[in-house]
Amino acid sequence: ALSVPDGQVPWCTTASLGCALLLAIDDASLPVRKNLCLYLTRPTVRAGAVLRPSPRDSGAPDDLAAHFYGTVLRDGGRFRMWYYACHWGRNPDWPPEVARQVARNDSELFPGPLCYAESEDGVAWSKPALRQVLFKGSSDNNALALPHGLVCGATVIKDQDDPDPARRYKMVYEFWPRASDPPLEGVGRDPTVARAVSPDGIGWTVLDCPFPYELIEHASFYRHAGLYIINAQSAEMRIPGEGGTRRGRQGFARFSHDFDHWVDGHVESFCLPEPREPGRRGVGYAYDQVHLGVGAASFGNVCVGLYGIWHNAPLAEQFNEISCDLGLVVSNNGLRFREPVKRHVYIAREDSPVTPIVGRHYNTILCQANGILNVGDETRIYHGRWRNAGMEPGQIEDYCGEVALATIPRDRWGSLGLFPQAAEGSVWSAPVVLPQSGCRLGLNADGAGAIRVEVADERFTLLPEFAGKNAGSAAETGGLDCPVCWPGRGLGALGGRTVRFKFTLRRGSGAEPRLYAVNLS
């Protein structure tokens, strides 16, 4: 797939091409632009939640919150969701070791267990009785049996490349070891993550804790460019900033080539600016921070993700003043992310508000995880929203979490369009090594007929047989994948060569041309 090695000038690199998605929001794959600017898409958000907590008096494991610090996969003709529940009141039926771990929880709000749901369409979900966990007198629930008591962050992938069927599904989840006294053996007291594998996504075997003494509060777990990647947040002095100074919540990535052996270190994945004054930095100060890192999805040669724009409050007792929006980021190596438009709110809490309580106002906190996937002609963005009632007695009873859904047309995160007064503009691709067997190019565009496609060598010199009067065009006026043809020879004549594509947009009497993505296959 087309890739842009991190740290190199994007338009001076080449890569072998299997299939590639060149997104308008990816300024490494489409780097050189003239008279074009970015027009970000505004997602459509379903008004109601697609998954809500069970009734408060039901005694279910998710009778307080059904949080989407989780995963949605389309798997075997159905949709599958793993999510993080919260329940109200202690479960008297925990096994002795789990009961010991949760004994020091000093609130009626208990994080966990992780839960499972299914759907035929990804909108109406059911909670099957898995009968793995005895919970408040019943095992007719959808909780997953795990050895840790206070848990969250159910991030799951289906790893088709693993030859061992027992490891086909892989999960990374977070747990709180400090809740146990004495502490759990082999880990510190900060929240961290554990690894688990499963043959079916239902029965899980926990392997280990890969970062036993590191604070890991993660947003997502995904595969990209041959790596297994955990994207998470850290804060305060765990990973100091410039000069060893304190910092707030920021995004960091950990990675492995085989899921078993993890590189001893982290990558600064995505960060927002810290205040100029070092004495006003950290989680206890009121400025925007990166909540839980990036919730990312891989599309072969590019990752698209969301991060939490955490509008922090200064003091713990003002926790209910915190709100959170979602920002859009993109990456080519899956580790380091950048914003297509800096500080742009992609999904605002006002656009996806949590179910309210009549007569009371609470802030919404949006949260991201393994929730981005293409389904037919649309891209779905599953995300969480929770009612931030605060964490103090008298407030926390109104706490709630639910799963929401936003959509855009497939791969239409944003488009390249003409400057308002420009009649023509263009964008060049990064170099691509065309396969010997030929290549198909399709445009995800509006007004596709007003977009001309030319081919050049690596040094931007146009090839006469694929440029000028021989430029390519699409017969369709617009769509998600409009095939481009050249009047003379096909791209198969360029098999094995390194080329660039030049896309020229012209304003005319038809629809305004907008280029969302280029599909190469």
Side-chain angles (χ1 to χ4, degrees), residues 1-34 36-41 43 220 222-225 227 229 231 251 253 269-270 294-307 326-344 346 368 372-374 379 381 408-417 425-433 439 441-446 451 453 480-481 484 499-505 513-521:
L2 177 68
S3 64
V4 181
D6 189 56
Q8 299 186 31
V9 180
W11 48 88
C12 292
T13 65
T14 59
S16 297
L17 175 68
C19 60
L21 177 66
L22 313 185
L23 293 171
I25 62 171
D26 179 4
D27 61 357
S29 294
L30 295 173
V32 183
R33 305 171 183 181
K34 179 181 179 181
L36 299 181
C37 58
L38 198 56
Y39 294 84
L40 290 182
T41 301
S220 60
Y222 51 97
R223 283 198 74 186
H224 184 76
L227 300 177
I229 301 171
N231 211 299
S269 186
F270 180 75
V294 176
S298 175
F299 293 94
N301 60 290
V302 64
C303 276
V304 180
L306 300 169
Y307 76 95
L326 296 178
L328 179 67
V329 288
V330 64
S331 173
N332 300 96
N333 66 7
L335 296 172
R336 295 183 65 87
F337 286 79
R338 59 194 182 277
E339 291 181 286
V341 177
K342 294 185 184 301
R343 305 307 301 275
H344 177 87
Y346 200 72
Q368 71 288 0
I372 299 172
L373 65 159
N374 283 344
T379 296
I381 308 167
I408 57 175
R410 192 184 74 227
D411 299 328
R412 291 192 167 193
W413 297 95
S415 64
L416 289 171
S426 62
V427 59
W428 291 87
S429 78
V432 175
V433 180
C439 176
L441 188 149
L443 302 179
N444 186 333
D446 293 330
I451 301 176
V453 185
L480 300 177
D481 190 19
V484 172
V499 303
R500 294 178 185 272
F501 295 100
K502 182 183 182 183
F503 305 91
T504 300
L505 285 64
R514 292 287 177 86
L515 179 62
Y516 294 88
V518 178
N519 303 307
L520 293 167
S521 58

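The structure displayed is predicted, hence computed values, not measured ones.
Here L335 contributes atom CG and S269 contributes atom OG; the two are 7.0 Å apart, rounded to the nearest 0.5 Å. Interatomic distance, CD of E339 versus CD1 of I25, reported as 11.5 Å (0.5 Å rounding). Taking CG from L36 and CG from L515, the interatomic distance works out to 8.5 Å, rounded to the nearest 0.5 Å. Here CD1 of I408 is found 6.0 Å from OG1 of T41. Values are rounded to the nearest 0.5 Å. Once rounded to the nearest 0.5 Å, the distance linking OG of S426 with NZ of K502 reads 4.5 Å. Between the OG atom in S220 and the CD atom in Q368 there is a gap of 7.5 Å [rounded to 0.5 Å].
Put simply, the side chain of V294 does not reach to within 4.5 Å of the side chain of L306, judged on heavy atoms. Looking at heavy atoms from C-beta onward, R33 lies in side-chain contact with L416 at the 4.5 angstrom threshold. Taking the side chain as every heavy atom from C-beta outward, D26 and R338 approach each other to under 4.5 Å. Side-chain contact between P409 and L480 is present, with heavy atoms from C-beta onward closer than 4.5 Å. At least one side-chain heavy atom of H344 sits under 4.5 Å from a side-chain heavy atom of L40. Between N231 and Y307 there is no side-chain heavy-atom pair separated by less than 4.5 Å. Taking 4.5 Å as the limit, some side-chain heavy atom of P340 sits within range of a side-chain heavy atom of L328. Inter-residue side-chain proximity for W428 and L30 is flagged as unmet; no heavy-atom pair is nearer than 4.5 Å.
Smallest separation of non-hydrogen atoms from A24 and L38: O-CD1, 3.6 Å. Across all their heavy atoms, S429 and R500 have their closest contact at O-NH1, 3.0 Å. Nearest approach of G295 to I372, heavy atoms of both residues: O-CD1, 3.9 Å. What you find for A430 and A28 is that their closest heavy atoms are CB-O, 3.6 Å. When every heavy atom of G334 is checked against every heavy atom of Y222, the shortest pair comes out as O-OH, 2.7 Å.
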Does the side chain to side chain contact (heavy atoms under 4.5 Å, CB included) test come out yes or no for L23 and Y516, once each step is laid out? CA-CA 6 Å; L23 293 171; Y516 294 88; over 6 Å; no
V427/F501 under side chain to side chain contact (heavy atoms under 4.5 Å, CB included): CA gap, chis, key distance, verdict: CA-CA 8 Å; V427 59; F501 295 100; over 6 Å; no
Test side-chain hydrogen bond (donor to acceptor under 3.5 Å, both in side chains) on N444 and R410; report intermediate values, then the result. CA-CA 9 Å; N444 186 333; R410 192 184 74 227; over 6 Å; no
Determine, step by step, whether L520 and L22 satisfy the side chain to side chain contact (heavy atoms under 4.5 Å, CB included) criterion, reporting the C-alpha distance in whole Å, the side-chain angles of both residues, the deciding distance to 0.1 Å, and the verdict. CA-CA 8 Å; L520 293 167; L22 313 185; 3.9 Å; yes
Would F337 and C303 count as a side chain to side chain contact (heavy atoms under 4.5 Å, CB included) if you check the C-alpha gap in whole Å, the side-chain angles of each, and the deciding distance to 0.1 Å? CA-CA 9 Å; F337 286 79; C303 276; 3.9 Å; yes
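Taking the six-membered ring where the residue is Trp, W413 and Y346 present tilted rings, their angle falling between 30° and 60°.
Taking the side-chain hydrogen bond (donor to acceptor under 3.5 Å, both in side chains) definition, one finds that D481 meets it with R440, N519, sequence neighbours left out. Partners of S298 by side-chain hydrogen bond (donor to acceptor under 3.5 Å, both in side chains), not counting sequence neighbours, listed by chain and number: H224.
With no hydrogens or angles considered, no side-chain donor-acceptor pair links N332 and N301 at under 3.5 Å.
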